[in-house]
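This report concerns only the one structure given below.
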Number of protein chains: 2
Amino acid sequence: MKITIGDVAKEANVSKTTVSRIVNGNYAHTTEETKKKVLKTIKNLDYRPNALAKGLKSTTTNVLGIVLSNLKNPFWTTVLEGVEDTCRELGYNLMICNSNEELEIEAEYIREFRTRRVDGIVINPTVQNYDLYNNLIEENYPLVIVNRRIPSLEANYVVMDNVKGAYTGVEHLLNTGRKKIAVFVYQNSYVSNWQERVEGYRLALLRNGYSTSDFRILELEQRSERIKDCILDYLKNNPDIQAVFSTNNMITLEVLGAVNEMGLTIPDDLAIVSYDETLWAKYFNPPLTTIRQPGYKMGQLAVEGLIKSINEEKKLDPSTIVLEPELIIRESSDKLQQ
Amino acid sequence: MKITIGDVAKEANVSKTTVSRIVNGNYAHTTEETKKKVLKTIKNLDYRPNALAKGLKSTTTNVLGIVLSNLKNPFWTTVLEGVEDTCRELGYNLMICNSNEELEIEAEYIREFRTRRVDGIVINPTVQNYDLYNNLIEENYPLVIVNRRIPSLEANYVVMDNVKGAYTGVEHLLNTGRKKIAVFVYQNSYVSNWQERVEGYRLALLRNGYSTSDFRILELEQRSERIKDCILDYLKNNPDIQAVFSTNNMITLEVLGAVNEMGLTIPDDLAIVSYDETLWAKYFNPPLTTIRQPGYKMGQLAVEGLIKSINEEKKLDPSTIVLEPELIIRESSDKLQQ
DNA sequence: TTGAAAGCGCTAACAA
DNA sequence: TTGTTAGCGCTTTCAA
């Protein structure tokens, strides 16, 4: 039924070795004539090499695995695009899975990737499976961790400068005349990003003459259905707030919902700066000021680094790449009119 | 270095056969004692079966491939979620790639999937590689086509009822008092969906007492940077238009941009109904009336059908599943005030 | 209940 | 330049 390398060899009257060489573009040991002959029979028989057999023999599959934690957030779609494009360019295929922030699923998928002998793994970790990540690194399994840092784990990272992003956003709000600024953030002690963004907020206030008593921090429960209600309560109880710095694009949507419901005007009643540039941000009325993260670039660099460490003979020193976010100023944070 | 089934066998003083049976949960031929012994050594040695070797032998990989055409559109993220979850539930892993609507890339990826012996393929086709799809079907390669129909190709489809979705949306606009309704659509003669949505628009007008002379159809170039300009021109040249039926969520965003720029008020100056419910639709001001497509369900049914046809001995008759869209009414199409 | 042995399709060291 | 041969790690038939 299936055409194998043996069928081609027989048909072309050469050995399997010769066919193998030609299939793999290794023409150095072959006359032009046999090359042509073999190429022709390959075409005639519509021969397709079996990647499983090849992988079994060569212990390399040219497949990479990626573990994401949330498919809904469009930021990850951008990262995935970068990953996918780069894989294609460099001749790799991609296995994808979604841990949905659950430890067990993450562990199961990593195990699965190893069983399938993927050449390397890109992961946005739940952060909580420390032994799992550590194990991978100890066994020298090619791995790049993206977006989140894992405390005290030496590894290859591609992450964003979250402190700087938040700092820039909050300072912009101060510069446009806001004095009472709140930050909205998910509570999750494992994810460094969110703490870093709050840290950026704190720093911006402190370095601009404010004190810790000016901090206004609202922590929200990520999985909750009641996020908008929490935001409504908060805004009603703190009518002096002039601006919200939102650390996540899903939170931003809920803020906008709450603002609509309260009949507030943006930016006069409340200015908004939001993390993550999205497809829709510039189409809102008024358009949203956002902090754009280079997600595509993150995906690209992760794959490039991964493939580099796959190809390297000896273990490389772990490296951390930090990417810079960029503030995109739009009308949701226009200068305050006095 | 790597632990193989042989290492386990040696360590446990049994044959490879016995280990193989136990690894695969086949305990029928084994005493409780050897089972325990083997299970223990597997754990001790941290043995991981090699999926490549297994696949080579059993000619089945438990991997599915999916070819998407556009990662940016959040509709596809939803579909992907359905696909991913269902794969996980049914014990399959997923390879993903993005054709980006390009024929050559689509063909290359399909070839790659076959080389890797994925057990089946889910595809949102560019529609233009007819021979490629036909070839797959002739060779009885498990395949499910989602979202788009390919003319005169008998295959397994999971698609949406686009005529009905558009019909419902346009009729809703008529019912709320609009008489001059335009439809905005991408021009692409290959994609049935868009033609079907225009068809739904036409039908809704005709069945409600309008004639072909009332049709207002704006075709837009998908890859163009000038979409908003085209929309602006159109709206300025046709000031009598009371409502826009947008067949795509990206077009909708451009319409909103144009509306903001012209200073029009929604829904009084212009009502909007848009294809595809999105994360952001309900947070706009005013919230958008949309047509929700069951993308998650589409992904789920595609995978379930695919696995069914993988497991079936004899070839099943091709089946087409049509999913129903749902109109979500919000303020962007509020009743017209006279 | 257990195991020996053949072979899945391919690669590569070595020989010719 | 070309081919022979020995596996890669696993499953499975058949025999013990």
Side-chain angles (χ1 to χ4, degrees), chain A residues 1-42 45-63 111-119, chain B residues 1-42 45-63 111-119:
Chain A
M1 180 83 211
K2 274 284 168 207
I3 308 293
T4 74
I5 203 169
D7 299 325
V8 177
K10 203 180 295 169
E11 185 74 17
N13 261 314
V14 294
S15 72
K16 293 195 288 176
T17 312
T18 304
V19 178
S20 173
R21 287 199 187 104
I22 290 173
V23 167
N24 292 298
N26 179 0
Y27 304 135
H29 311 275
T30 322
T31 58
E32 190 64 19
E33 195 188 1
T34 44
K35 173 182 155 186
K36 266 191 187 145
K37 185 173 60 178
V38 171
L39 249 19
K40 200 171 140 195
T41 32
I42 286 176
L45 299 180
D46 191 23
Y47 165 68
R48 292 169 225 268
N50 183 325
L52 295 168
K54 180 168 180 171
L56 177 58
K57 184 69 191 170
S58 59
T59 66
T60 158
T61 53
N62 271 38
V63 175
R111 168 162 279 273
E112 201 64 36
F113 280 166
R114 302 192 64 163
T115 296
R116 302 206 175 275
R117 303 298 191 263
V118 303
D119 289 344
Chain B
M1 182 79 211
K2 274 283 167 208
I3 307 294
T4 75
I5 203 169
D7 299 327
V8 177
K10 203 180 294 169
E11 185 74 17
N13 262 313
V14 294
S15 72
K16 292 196 287 175
T17 313
T18 304
V19 179
S20 173
R21 287 199 186 103
I22 289 173
V23 166
N24 292 298
N26 178 0
Y27 303 136
H29 311 274
T30 322
T31 57
E32 191 63 19
E33 195 187 0
T34 44
K35 172 182 155 187
K36 264 189 187 148
K37 186 173 61 179
V38 171
L39 248 18
K40 197 170 142 194
T41 32
I42 286 177
L45 298 180
D46 192 22
Y47 164 68
R48 292 170 226 268
N50 182 327
L52 295 169
K54 179 168 182 172
L56 177 57
K57 187 69 190 165
S58 59
T59 66
T60 157
T61 53
N62 271 39
V63 175
R111 167 162 280 274
E112 201 64 38
F113 279 168
R114 302 191 64 165
T115 297
R116 301 205 176 277
R117 304 296 191 262
V118 303
D119 289 343

Could you check if a side-chain atom of [X] sits within less than 4.5 angstrom of a side-chain atom of [Y], using non-hydrogen atoms only?
X         : Y        : result
Leu56(B)  : Leu52(B) : no
Lys2(B)   : Thr59(A) : no
Arg117(B) : Asn50(A) : yes
Ile22(A)  : Val19(A) : no

Sugar-phosphate, base or nothing in reach of Thr34(B), heavy atoms under 4.0 Å: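 It contacts sugar-phosphate atoms only.
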Given DNA chain C, 5'-ward residue of the pair Thr4(A) and Asn13(B), judged by closest heavy atom: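 So the residue in question is Asn13(B).
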Would you kindly give the [atom1]-to-[atom2] distance between [X] and [N], to the nearest whole Å?
X         : N       : atom1 : atom2 : answer
Arg117(A) : dG9(D)  : CZ    : C1'   : 9 Å
His29(A)  : dC14(C) : NE2   : P     : 14 Å
Leu56(A)  : dG7(C)  : CG    : P     : 17 Å
Asn50(A)  : dC10(D) : CG    : P     : 16 Å
Asn26(A)  : dC10(C) : CG    : P     : 16 Å
Ile3(B)   : dC10(D) : CD1   : P     : 11 Å
Ile22(B)  : dC10(D) : CD1   : C1'   : 15 Å
Asp7(A)   : dC8(C)  : CG    : P     : 11 Å

salt_bridge(Arg116(B), Glu112(B)) N-O dist < 4.0 Å: yes
Among Asn24(A), Thr61(A), Thr60(A), side chain to side chain donor-acceptor pair (under 3.5 Å) partner for Lys54(A): Asn24(A)
Options dT2(D), dC10(D), dC8(C), nucleotide nearest the side-chain atoms of Pro49(B):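 Closest of the options to the side chain of Pro49(B): dC10(D).
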Contact letters for nucleotides 11-16 of chain D, in which S counts primed atoms plus P, OP1 and OP2 and B counts the base, heavy atoms under 4.0 Å: BB----
Thr18(A) and Ser15(A): CA distance, side-chain angles, deciding distance, side chain to side chain donor-acceptor pair (under 3.5 Å) verdict: CA-CA 5 Å; Thr18(A) 304; Ser15(A) 72; 3.2 Å; yes
Under-4.0 Å side-chain N/O to phosphate OP1/OP2 contact, Thr18(A) with dT1(D): no
